**Q** 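Before I ask anything, here is the structure I am working with.
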Amino acid sequence: MGMPETGRDGGPDTGPRASGGAVLDTSTAHPARVYDYWLGGKDNFAADREAGEQALKAYPQLAEAVRSNRAFLARAVEFLTGSAGVRQFLDIGTGIPSADNTHEVAQREVPDSRIVYVDNDPIVLLHAQSLLRSTETGACDYIQADLRDPGRILSEAARTLDFGQPVALMLLAILQFIPDEEDPWGLVTQLLAPLPAGSYLVISHPTDDFNPNRQGESIQRYNERVAEQATLRGHDETARFFAGLELAEPGVVAVSQWRPHSDVEADRPSSMWCGVARKP
């Protein structure tokens, strides 16, 4: 056995402890922590930073592109609470809290919004309290579950959300971790099935359509270092998630091109397709 890895405090890195006292595995990079690193967060470890840096070497604008995705989340939620009139959100693949989490944007616009977060990374559970700081009139909940278990997600989400009223299903930068053979399109269909008409689907998905050489090499380096492999998908494959739904303008576009607030936002790098669609 080698020497123990140095932790962020300079001592041996045994990893943080999740609920129940289990030590988190910090020796292998995890998507939520790598994403946190790209966003400039501090809740990541040496393996995550190595995976993130290797991906950046192949595609130096990747961190900016990830921030474009985060900005898309905020604009989508503003649209949903505004003209779409949505008051409930099921956010799967939440990740480590950052600026403008779904409940912060939604409850800033409409204080009585109700949000359920879902993630399968124990380190996100450690931060659940910051995701549960709801307004008095609204509500927030957190479910430790995997996207591959839609039945459990829907059952537990029903404690907080009223499936008799429209719900926004948020799947940002998460579906790439479901390979084609596990039918990610079918999983989305299962999650949408019990949601009533007037509900919305919000998706962003990594692609190599914009930077075919750099993004492809970047994801290859990333996949060599993480436990959960990512699959890049093109425009048509991403658009397929919205089959049978009514796409809001401007359709399936680069994340920086979805209703940007300024030319500066529109000109930022993108590495993902995105879309927002209504269930008829």
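Model, not experiment: these values are computed from the prediction. Sequential numbering from 1 along the given sequence is applied to the chain's residues.
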**Q** Going by the rule side-chain contact (heavy atoms from CB on, under 4.5 Å), which residues pair with Arg221 if we only count those two or more places apart in sequence or in a different chain?
**A**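 With sequence neighbours excluded, Arg221 shows a side-chain contact (heavy atoms from CB on, under 4.5 Å) to Gln54, Lys57, Ala58, Glu217, Arg225, given in chain and number order.
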
**Q** Mind checking what makes salt bridge (charged side-chain N to carboxylate O under 4.0 Å, His left out) contact with Arg33, not counting sequence neighbours?
**A** Asp48

**Q** Taking side-chain contact (heavy atoms from CB on, under 4.5 Å) as the test, write out the residues that go with Ala230, two or more places apart.
**A** Gln176, Phe177, Ile219, Tyr222, Asn223

**Q** Listing request: all salt bridge (charged side-chain N to carboxylate O under 4.0 Å, His left out) pairs with a residue in residues 177-188, at least two apart in sequence or in separate chains.
**A**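 For residues 177-188, and leaving out neighbouring residues, the salt bridge (charged side-chain N to carboxylate O under 4.0 Å, His left out) pairs sorted by first residue read Arg148-Glu182, Asp180-Arg233.
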
**Q** Please name all residues satisfying side-chain contact (heavy atoms from CB on, under 4.5 Å) with Ser83, sequence neighbours left out, ordered by chain then number.
**A** Phe79

**Q** Can you list, pair by pair, the side-chain donor-acceptor contacts under 3.5 Å of residues 184-191, counting residues two or more places apart and other chains?
**A**
from: Trp185; atom 1: NE1; to: Glu237; atom 2: O; distance (Å): 3.1
from: Thr189; atom 1: OG1; to: Trp185; atom 2: O; distance (Å): 3.1

**Q** Taking salt bridge (charged side-chain N to carboxylate O under 4.0 Å, His left out) as the cut-off, I'd like each qualifying pair that reaches into residues 88-113, sequence neighbours left out, listed once.
**A**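 Counting only pairs at least two positions apart or across chains, the salt bridge (charged side-chain N to carboxylate O under 4.0 Å, His left out) contacts touching residues 88-113 are Asp100-Arg108.
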
**Q** Test: ring pair (Phe, Tyr, Trp, His ring centres under 6.0 Å). Region: residues 81-120. Which pairs qualify, not counting sequence neighbours?
**A** His103-Tyr117

**Q** Using the benzene-type ring in the case of Trp, are the ring centres of Trp273 and His235 under 6.0 Å apart?
**A** yes

**Q** Quick one: salt bridge (charged side-chain N to carboxylate O under 4.0 Å, His left out) pairs with a partner in residues 127-141, sequence neighbours left out?
**A**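 Listed by first then second residue: Asp141-Arg159.
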
**Q** According to salt bridge (charged side-chain N to carboxylate O under 4.0 Å, His left out), does anything in residues 239-259 pair up with another residue at least two apart or in another chain? List the pairs.
**A** Glu246-Arg278

**Q** Run the ring pair (Phe, Tyr, Trp, His ring centres under 6.0 Å) test against His261 and tell me which residues pass, sequence neighbours left out.
**A** none

**Q** Please, which pairs that meet ring pair (Phe, Tyr, Trp, His ring centres under 6.0 Å) have at least one residue in residues 142-176, sequence neighbours excluded?
**A** none

